[in-house]
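As structure tokens, the structure follows; a few thoughts come after it.
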Amino acid sequence: MTLPSSAQVQALISYLEHEVQPTIVLDTDYNILAANNAYRRQFGAAEQAPIGSKCYRVSHQYAVPCDQAGEHCPMRKASETRAPDRVLHIHHTPRGPEHVDVELRPILDEHGEVAAYVERLSSVTAAAAQPQRQGLVGRAPAFKAALAALQRAAPAQIPVLLQGESGTGKELFARALHESSPRARGPLVVVDCTGLTETLFESELFGYEKGAFTGATQRKIGLAETAHGGTLFLDEIGDVPLAMQVKLLRLIESGTFRRVGGVEPLRADFRLVSATHKPLAAMVAEGSFRQDLYYRISAFPVHLPALRERADDLPLLVESLLQRIAGNQAPRVDDEAMRLLAQYRYPGNVRELRNILERARLFADDGVIHAGHLPAELHSAAAGPPAAPGGRRQRRDERAQLAHALAVFKGTRSELAHHLGLSERTLYRRLRELGLA
Ligand SMILES: Nc1ncnc2c1ncn2[C@@H]1O[C@H](COP(=O)(O)OP(=O)(O)OP(=O)(O)O)[C@@H](O)[C@H]1O
């Protein structure tokens, strides 16, 4: 393989020097040949370019290329396809580990062989890979897949559907998507579609004119109008009454609506993000959700993993949540307590973990959370048979955990739901599904 002549490399480097995005030039053996000004500022140690170093050593502190360390290597793929590749990696940076969007382009020589690569990097601000006091944190593969999807969807206008169990961070993801989009300066308007009657839903979403109904003493602007120039987030869209779904469809398709009691068609320009924990496709099949609306809202579906699907993230989440709950007084978690936390299956996901930690830290007089500070269901989960993959075993575990919580919890169902990090409705649904109601 011929390397580009040094004059060619120099021309390329001088072209890239003033690119605003951090960029490096690599040879085919993973050596960094050059790094531009933006790279030195953002990723260079003491603003120095790591010329001559291997990229996997600099970015990952690996001794071998990424693909030999179990990660996707964009260079390997681009050398096979001779086409650009883009991946989300966790890079070692002067600020600690960070999610980085890596875009790699092969430079071909006159024989069509790859002679060098240009790699552009951008720090992902939507989520952190190290403990953080706010926003999304995570680094497990299932979390990275959801984050990579968010990165792809954010710059576009495409409607996004976030699907995940209660407490998986759907609202936090919607916020991150909005903040990473070109509409970040516009409003993010959250509509909770749960428990709204038809009339209430319509007046909330579209607003009403003065005198539209008894009590409408003045005009009210609806949430769709408020979202103009920003993002409209319809949380729990599976709960929208059938009769309202057609009006919602019209709003989404044409961007137009009428205030209740109004005649004038109005227009709102927003980006639509929806979320649900419900199986919308199955609801379409049984006729409780409109198929046309489903296709409209689900152009870009994103699966948000349950906490048990991203068990590697537990220590990172525990540390972040404790910082959020207790600030500088955040307690430590001892090994036995961490072992119990790691074995539990969290039907209420991150919200349930947060509630468990919020309670446990009130017992941590010596600044350490011990196993005895954790609720009974975590102890019984640890005493049970080891969890094995597979739906039936998982269902059995969840059933045992919920049955135990029901038996030992002293408060009301609504307090139990809060304790488990579930909404009351979700708790009732789970109990019904698991035959415990
Ligand atoms: N990846 C994450 N990193 C940090 N915190 C998280 C993460 N995911 C969820 N949380 C926290 O868990 C709690 C629940 O998150 P959120 O309300 O976004 O979930 P949800 O899926 O919208 O829940 P629901 O379906 O019940 O409305 C919040 O306190 C949120 O900050």
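Whatever order the structure lists them in is the order used to number ligands and atoms, beginning at 1.
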For G135, is the nearest heavy atom under 4.0 Å from an atom of ligand 1?
yes
Is it the side chain, the backbone, both or neither of F143 that has a heavy atom closer than 4.0 Å to ligand 1?
side chain
Closest non-hydrogen atom pair, F233 against E171:
CE2-CA, 3.9 Å
Of all the heavy atoms in Q132, does at least one lie under 4.0 Å from an atom in ligand 1?
no
Does G169 reach ligand 1 with a nitrogen or oxygen that is under 3.5 Å from one of the ligand's nitrogen or oxygen atoms?
yes
In the protein, which heavy atom is nearest to atom 20 (P) of ligand 1, and how far is it?
K170 N, 3.4 Å
Part of H277 within contact of ligand 1 (heavy atoms, under 4.0 Å):
neither
Give a yes/no verdict on whether any heavy atom in Q163 is under 4.0 Å from an atom of ligand 1.
no
Between the main-chain N or O of V124 and the side-chain N or O of H99, is there a donor-acceptor pair closer than 3.5 Å?
no
Compute the shortest N/O to N/O distance between G167 and ligand 1 and return yes if it is under 3.5 Å, no if not.
yes
Counting heavy atoms only, which part of Q134 comes closer than 4.0 Å to ligand 1: side chain, backbone, both or neither?
neither
Which part of D313 is near ligand 1, with near meaning a heavy atom under 4.0 Å away: side chain, backbone, both or neither?
neither
How far is atom 7 (C) of ligand 1 from its nearest protein heavy atom, and which residue and atom is that?
L172 CD2, 3.8 Å
Determine, using heavy atoms of L162 and all atoms of ligand 1, whether some pair is separated by less than 4.0 Å.
no
At what distance is the nearest protein heavy atom to atom 3 (N) of ligand 1, and which residue and atom is it?
V137 N, 3.0 Å
Distance to 0.1 Å, residue and atom name: give those for the protein heavy atom nearest to atom 27 (O) of ligand 1.
R351 NH2, 3.8 Å
